[in-house]
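The first residue in the sequence is number 1, and the count goes up from there. Numbering of ligands and ligand atoms starts at 1, following listing order.
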Amino acid sequence: FSQRMAWFNDAKYGMFIHFGLYSQLGGIYKGNDEGRYAEWIQGNQDIPTEEYAKLMDTWNPKNFDANKIVKLAKKAGMKYLVVTTKHHEGFCLWNSEYTDFDIAKTPMKGRDFIKELADACKKEGIHFGTYYSIIDWHHPSQHVTIDTETSKRNWGQPKMKEGKKQEYVQYMKNQIKELIENYDTEILWFDGDWTDWWTLEDGNDLYQYIRELKPEIIINNRVSKRKIFKKDFGTPEQFHPDSTLKHYWEACYTMNDSWGFKIKDKDWKRAEEVYEKLKDIHGKGGNFLLNVGPDGDGKIPKESAKILKEVGEMLKNDRKN
Ligand code: JFZ
């Protein structure tokens with residue numbers, strides 16, 4: 001048992017938010033709807049980085065309402081929230097000093113969605129966490145190469161350019177420092193650790209760096225090679241273990257089949273199914289992180305909001321009985 005992990009262990013149920021430039025596409029680019037995960041559209045449809053970056057000009061989610069989202073999470077019975085500050089596409093949802101590929105250079109300039117969410121969480125008493133992708137399709141340090149077997153570019157394994165790693169690791173550290181100092185994030189939720197050039201040592205080093213900046217922060221195992229590195233909690237995805245584990249863990253799930261908003265994905269789970277998952281996970285000692293993907297306008301799909309409210313009602317009834 002760890003004092004540092006206590007609030008997280010008690011919180012049990014959280015909201016995951018996948019939001020980025022891709023959200024405006026809803027899984028369709030120039031009429032092509034290939035690919036399962038809408039947030040992977042750049043990779044799934046092999047969109048060159050410079051062309052993809054043009055999405056900044058049309059990204060205008062003016063109805064993104066952090067207070068409304070956080071209130072919805074609260075109503076659903078959730079106690080924490082984790083938002084994609086930078087997904088694999090590399091676009092930053094906050095105003096970062098270290099890149100121009102961020103919200104400040106879009107029609108949304110003047111707004112900062114990470115700040116808005118952090119503030120709304122403070123106000124509502126919801127713990128605030130930030131997702132950060134290690135792989136970055138936009139950063140000049142990385143590039144995708146052609147896989148000899150498939151003759152396709154391998155977006156799942158971006159390569160680090162010769163001599164560029166140190167610069168990129170420094171970029172990550174600078175940005176993470178911003179997320180800690182300016183947004184007071186309580187969880188750093190990494191992803192993309194599977195890439196070849198990211199080593200166990202790199203993960204350990206980054207973990208130490210972050211704990212020194214903010215000792216009480218909680219960091220997921222995807223900061224490093226997740227199969228070996230268990231700190232601070234494990235992150236099974238779209239499945240959960242059959243029995244209790246010795247380390248803290250959190251299962252993340254989507255409500256349909258994508259994380260980012262996807263127009264054609266109507267494969268919504270029923271509220272009962274989500275509720276059963278939650279009960280099962282909690283019975284085995286895990287946390288449950290349930291995803292929403294706001295649309296291009298910034299709004300949470302009505303189907304998602306409905307499921308969240310229904311599950312919230314079921315939880316409320318549990319407490320009454
Ligand atoms: C990653 C991302 O690529 C995806 O877009 C989403 O953000 C999700 C939460 O995380 O996807 C993964 C990560 C890990 C596995 C599979 C997909 N895995 O361990 O099998």
Side-chain angles (χ1 to χ4, degrees), residues 13-27 29 33-47 52 55 78 80-93 114 129-139 142 144 153-158 172 179 187-198 200 203 219-231 233-242 245 247 249-262 265 267 269 274 277 281 286-295 304:
Y13 186 27
M15 176 184 273
F16 209 177
I17 303 177
H18 273 72
F19 195 47
L21 292 179
Y22 49 78
S23 304
Q24 68 183 292
L25 300 174
Y29 190 70
D33 66 358
E34 251 176 277
R36 176 172 184 183
Y37 289 166
E39 74 282 4
W40 269 77
I41 194 158
Q42 182 182 357
N44 290 339
Q45 301 200 23
D46 204 23
I47 307 170
Y52 187 83
L55 290 172
M78 293 163 157
Y80 68 108
L81 177 154
V82 177
V83 59
T84 54
T85 58
K86 184 194 88 162
H87 203 268
H88 309 334
E89 63 175 4
F91 177 73
C92 298
L93 278 182
I114 301 307
T130 45
Y131 166 112
Y132 189 94
S133 172
I134 293 166
I135 67 177
D136 190 319
W137 292 330
H138 185 84
H139 195 276
Q142 291 152 73
V144 285
R153 287 202 284 167
N154 190 350
W155 290 84
Q157 280 290 350
M172 288 177 74
L179 295 176
I187 302 173
L188 266 163
W189 210 107
F190 287 99
D191 197 16
D193 59 323
W194 62 77
T195 194
D196 293 340
W197 53 266
W198 187 252
L200 187 61
I219 306 164
N220 72 337
N221 64 341
R222 298 185 191 192
V223 68
S224 196
K225 300 299 181 191
R226 70 187 74 170
K227 290 204 176 70
I228 317 170
F229 197 84
K230 303 284 187 212
K231 286 192 286 193
F233 64 92
T235 51
E237 176 178 303
Q238 310 271 30
F239 90 98
H240 52 275
D242 287 331
L245 298 174
H247 55 86
W249 59 278
E250 174 202 65
C252 53
Y253 278 90
T254 62
M255 288 193 226
N256 51 3
D257 296 321
S258 175
W259 301 89
F261 173 65
K262 193 173 175 186
D265 186 346
D267 190 20
K269 297 177 180 69
V274 173
K277 275 208 164 63
I281 290 165
N287 275 25
F288 183 38
L289 190 63
L290 182 60
N291 183 72
V292 296
D295 64 19
S304 303

Q: Could you tell me which residues satisfy salt bridge (charged side-chain N to carboxylate O under 4.0 Å, His left out) with Lys262, sequence neighbours excluded, listed by chain and number?
A: none
Q) Of the protein's non-hydrogen atoms, which lies at the shortest distance from atom 10 (O) of ligand 1, and what is that distance? A) Asp191 OD2, 2.9 Å
Q) At a 4.0 Å threshold, what atoms of ligand 1 neighbour a non-hydrogen atom of Glu39? A) 4 (C), 5 (O), 6 (C)
**Q.** Element-labelled atoms of ligand 1 that are located less than 4.0 Å from some non-hydrogen atom of His88
**A.** 2 (C), 3 (O)
Q | Atoms in ligand 1 flagged as close to Trp194, the criterion being non-hydrogen separation under 4.0 Å | A | 3 (O), 13 (C)
(Q) Please determine whether side chain to side chain contact (heavy atoms under 4.5 Å, CB included) holds for the pair Met78 and Leu290, giving the CA-CA distance in whole Å, both sets of side-chain angles, and the decisive distance to 0.1 Å. (A) CA-CA 9 Å; Met78 293 163 157; Leu290 182 60; 3.9 Å; yes
Q | Check: Thr85 side chain, Tyr131 main-chain N or O, donor-acceptor pair, under 3.5 Å | A | yes
Q. Within the structure, does at least one protein heavy atom fall under 4.0 Å of atom 20 (O) of ligand 1?
A. no
Q: Could you find the nearest protein heavy atom to atom 14 (C) of ligand 1 and give me its residue, atom name and distance?
A: Arg226 NH1, 3.0 Å
Q. Are Tyr52 and Trp137 close enough that their ring centers fall under 6.0 Å?
A. no
Q. So which heavy atom in the protein is nearest atom 9 (C) of ligand 1, and how far is it from that ligand atom?
A. Glu237 OE1, 3.5 Å
Q) Any N or O of Tyr37 that comes nearer than 3.5 Å to an N or O of ligand 1? A) no
Q. Among Tyr132, Tyr37, Trp40, which one satisfies ring-ring contact (aromatic ring centres under 6.0 Å, His included) with His88?
A. Trp40
**Q.** Proximity to ligand 1 by part of Arg222, non-hydrogen separation under 4.0 Å
**A.** side chain
Q: For Asp33, enumerate each residue passing the salt bridge (charged side-chain N to carboxylate O under 4.0 Å, His left out) test, keeping only those at least two apart in sequence or located in another chain.
A: Lys264
Q. Do ligand 1 and Trp189 have nitrogen or oxygen atoms that lie under 3.5 Å from each other?
A. no
(Q) Less than 4.5 Å apart, side chain to side chain, heavy atoms only: is that true for Ile281 and Trp249? (A) yes
